[in-house]
J.: 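One structure, pasted below without further comment.
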Amino acid sequence: MHDNKREMPWKGEKDPYRIWLSEVILQQTRVEQGWHYYTRFIENYPTIRELAAAPDQEVFKCWEGLGYYNRCRNLLSTARTIAFQQNGEFPVQYEDILALKGVGPYTAAAIASFAYNQPYAVVDGNVFRVLARFFNIGTAIDSTAGKQEFSALANEVLDRKQPAFFNQAIMDFGATVCKPVAPLCASCPLRSECAAYHNGTVNQLPVKEKTLNRKHRWFYYFLFEYEGKWLVQQRSAKDIWQGLFEFYLLETEAAMKWDQASVSQWLGEQMGIRKATLVSVSPVSVQQLTHQQIKGQFIHVQLLSIPASLKTQQWLRPAEVAGLAFPKFITQFLNGR
DNA sequence: AATGCGGGGGC
DNA sequence: GCCCCAGCATT
């Protein structure tokens, strides 16, 4: 494992705040995708106190587009706990790090080893793959038994004299040589010791037992505009995009056909809106998520008055709307307008 | 133990 | 299309 290193802005970092931030950003996220988010966060919030003091929406706006938004909520919660209840001092003991919101076994081991050089092995997707292949282990990595087995094995093979270096190296090795698809076995320095290579099972490992099934949903967003203000609402349900903003949403089981007649009929019957102008109906947008496929349209409606049913909603000017975090499905539409 | 959570990139 | 990515929280 010599020249498989990848350069990253957080490498060699010893500040636990910066390590924690980078690791949370990188949960289930490719390095290239998280890189610029990390840079922006550090520019905006150089210390945990500044992050803790920032308004929720400002931080969500920084996270906008990165996905898995509960990470952002937990990030803020943990920052405020440390800044305001623990005198800004990041915990040092593994168990205390693990107890932080949004920090699981991987992130706790990463912080403990990188910041404090403590002997805790990281077990991420790379490590699962490298170990499964090197030792030719067919235990499913998404089973409880598999997680225990691989975690124990990772801690056995960990170089306890230089845990930070070892953890970095095994992840870089998995990302650059022992890749998921088309691994570089021909030039792999560990080939002669690799059990899966000798057994011809490299491409069958690691094993996963769970299969993905994808939900299909239709989101019809009504852009209600009144005197230059827009109706926005915050998603609060335990569902995708929790905490982000959106426009008035009509979710349906099946596709709908929206035209002048159907829009005004729906507005009248469902919303009690009689005086309105249909400005536009967008083409169908599609967003592919890991577990869902969202399809939908944006229906821009100019109101001449605000109906009772929408009086309690938030009506904001474009400048205010620009400060809110929206799902990619919506920002993509707004940017294309 | 099972489920849900974004978005992007490689093939 | 399908799989994977420096995973975690909730039920």
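Worth saying up front: this structure is predicted, and the values here are computed from it rather than measured. Letters go in sequence order (proteins before strands), and every chain restarts at 1.
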J.: Identify whether any heavy atom of W10(A) sits under 4.0 Å from a base atom; if not, whether one sits that close to sugar-phosphate; answer base, sugar-phosphate or nothing.
T.: base
J.: So which nucleotide from dC4(C), dG7(B), dG6(B) ends up closest to the side chain of I240(A)?
T.: dG6(B)
J.: The side chain of Y69(A) lies closest to which of these nucleotides: dA6(C), dC5(B), dG7(B)?
T.: dG7(B)
J.: Applying a 4.0 Å non-hydrogen cut-off, can you work out what K238(A) is touching in the nucleic acid: base, sugar-phosphate, or nothing?
T.: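 If one applies the 4.0 Å heavy-atom cut-off, K238(A) turns out to touch the sugar-phosphate alone, with no base involved.
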J.: May I ask you to evaluate whether N70(A) reaches the phosphate of dA9(C), defined as a side-chain N or O under 4.0 Å from OP1 or OP2?
T.: no
J.: Mind checking if Q168(A) touches a base, just sugar-phosphate, or nothing, with heavy atoms under 4.0 Å?
T.: base
J.: Please check the phosphate of dG6(B) (OP1 and OP2 only) for any side-chain N or O of W63(A) closer than 4.0 Å.
T.: no
J.: Within this structure, what is the CG-CE distance for the pair L250(A) and M256(A), rounded to the nearest 0.5 Å?
T.: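 Result: 6.0 Å between the selected atoms.
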J.: Starting at the 5' end of DNA chain B, write a dot or bracket for each base, bracketing those in Watson-Crick or G-U wobble pairs whose two distances are under 3.5 Å and using | for partners on another strand.
T.: |||||.|||||
J.: What interatomic distance, in whole Å, is found between P of dA9(C) and the corresponding atom of dG8(B)?
T.: 24 Å
J.: Of R129(A) and L98(A), whose closest DNA chain C nucleotide lies nearer the 5' terminus?
T.: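 Going by which nucleotide is closer to the 5' end, it is R129(A).
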J.: Is it true that the side chains of D259(A) and S262(A) contain a donor and an acceptor less than 3.5 Å apart?
T.: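 The criterion, which ignores hydrogens and geometry beyond distance, is satisfied for S262(A) and D259(A).
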J.: Calculate the interatomic distance between L75(A) atom CG and dC8(C) atom C1'; express it in whole Å.
T.: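 Nearest whole value for this atom pair: 13 Å.
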J.: The side chain of V31(A) lies closest to which of these nucleotides: dA1(B), dA6(C), dC8(C)?
T.: dA6(C)
J.: Could you tell me whether R214(A) contacts a base, only the sugar-phosphate backbone, or nothing, with contacts defined as non-hydrogen atoms closer than 4.0 Å?
T.: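 Nothing, no nucleic acid heavy atom in range.
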J.: If the C1' atom of dG9(B) is compared with that of dC8(C), how far apart are they to the nearest Å?
T.: 23 Å
J.: Give G65(A) one of three labels, base, sugar-phosphate or nothing, depending on what nucleic acid heavy atoms sit under 4.0 Å from its own.
T.: sugar-phosphate
J.: Categorize L66(A) for me: base, sugar-phosphate, or nothing, with a 4.0 angstrom heavy-atom threshold over every strand shown.
T.: base
J.: Is the shortest side-chain N/O distance from Q287(A) to OP1 or OP2 of dG7(B) below 4.0 Å?
T.: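 True: Q287(A) side-chain N/O within range (under 4.0 Å) of dG7(B) OP1/OP2.
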J.: Side chain of V181(A) only, please: which of dC11(B), dT10(C), dG7(B) is the nearest?
T.: dC11(B)
J.: Round to a whole Å and report the spacing from CD of Q288(A) to P of dG6(B).
T.: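 These atoms are roughly 15 Å apart.
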J.: Between Q27(A) (CD) and dG6(B) (P), how many Å, whole number?
T.: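 It works out to 13 Å between those atoms.
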J.: Could you check whether the side chain of T29(A) and the base of dG6(B) have a donor-acceptor pair of N or O atoms closer than 3.5 Å, going by distance alone?
T.: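 Yes, a donor-acceptor pair under 3.5 Å.
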J.: Rounded to the nearest angstrom, tell me the gap between atom CD1 in I111(A) and atom C1' in dG7(C).
T.: 13 Å
J.: Take atom CG of L212(A) and atom P of dG1(C), then tell me their distance rounded to the nearest Å.
T.: 14 Å
J.: Side chain of D124(A) only, please: which of dC8(C), dC4(C), dG7(C) is the nearest?
T.: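 Nucleotide nearest to D124(A)'s side chain: dG7(C).
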J.: Would you kindly check whether a donor in the side chain of Q33(A) faces an acceptor in the base of dG7(B), or vice versa, at under 3.5 angstrom?
T.: yes
J.: Taking only side-chain nitrogens and oxygens of Q28(A), does any of them come within less than 4.0 Å of OP1 or OP2 of dG7(C)?
T.: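 Checking dG7(C) against Q28(A), a side-chain N or O does come within under 4.0 Å of OP1 or OP2.
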J.: Say you draw a straight line from CG of L131(A) to CZ of F150(A); how long is it, rounded to the nearest 0.5 Å?
T.: 6.5 Å
J.: Quick one about T139(A) and E149(A) (side-chain donor to acceptor, distance below 3.5 Å, no hydrogens or angles considered), yes or no?
T.: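 Their side chains do contain a donor-acceptor pair, which is all the 3.5 Å distance test asks for.
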J.: Is it true that Y248(A) and Q313(A) share a donor-acceptor pair across their side chains at a distance under 3.5 Å?
T.: no
J.: Can you check whether K328(A) has a side-chain N or O nearer than 4.0 Å to OP1 or OP2 of dG8(B)?
T.: yes
J.: On DNA chain B, compare the nucleotides closest to A182(A) and T144(A); which residue's is nearer the 5' end?
T.: T144(A)
J.: Answer yes if the side chains of Q287(A) and Q293(A) hold a donor-acceptor pair under 3.5 Å, and no otherwise.
T.: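 Not at all, the side chains of Q287(A) and Q293(A) share no donor-acceptor pair under 3.5 Å.
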J.: Measure the distance from CE on M171(A) to C1' on dG7(C) and round it to the nearest whole Å.
T.: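 My rounded result for the distance is 13 Å.
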J.: Select base, sugar-phosphate, or nothing to describe what V127(A) touches, counting heavy atoms under 4.0 Å on all strands.
T.: nothing
J.: Is the gap between the ring centers of W241(A) and Y68(A) under 6.0 Å?
T.: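 No, ring centres 6.0 Å or more apart.
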J.: Whole Å only: how far is the CD atom of E32(A) from the P atom of dG7(B)?
T.: 18 Å
J.: Please confirm whether the shortest side-chain N or O distance from Q292(A) to OP1 or OP2 of dG6(B) is below 4.0 Å.
T.: no
J.: Taking the six-membered ring for Trp, are the ring centroids of Y197(A) and F134(A) within less than 6.0 Å of each other?
T.: no
J.: Can you confirm if the NZ or CZ of R80(A) lies within 45° of the ring axis of F84(A) and under 6.0 Å from the centre of its six-membered ring?
T.: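 Not satisfied by the 6.0 Å and 45° rule.
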J.: Looking at the side chain of L26(A), which of dT10(C), dA6(C), dC4(C) is the nearest nucleotide?
T.: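 Of all the options, the side chain of L26(A) is nearest to dA6(C).
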J.: What does N167(A) touch in the nucleic acid at a heavy-atom separation under 4.0 angstrom: a base, only the sugar-phosphate, or nothing?
T.: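 The answer is nothing, as N167(A) stays clear of every strand by at least 4.0 Å.
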J.: Distance between the P atoms of dG4(B) and dA6(C), in whole angstroms?
T.: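 Looking at atom P only, dG4(B) and dA6(C) are 25 Å apart.
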J.: Would you mind telling me which of dA6(C), dG8(B), dC5(B) lies closest to the side-chain atoms of H291(A)?
T.: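 Between dA6(C), dG8(B), dC5(B), the one nearest the side chain of H291(A) would be dC5(B).
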J.: At less than 3.5 Å, do the side-chain atoms of T107(A) and the base atoms of dG7(C) form a donor-acceptor pair?
T.: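 No, no donor-acceptor pair under 3.5 Å.
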J.: Does a donor on one side chain and an acceptor on the other come within less than 3.5 Å for T29(A) and R71(A)?
T.: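 Present: a donor and an acceptor within the cut-off.
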J.: What integer distance in Å separates R71(A):CZ from dG7(C):P?
T.: 9 Å
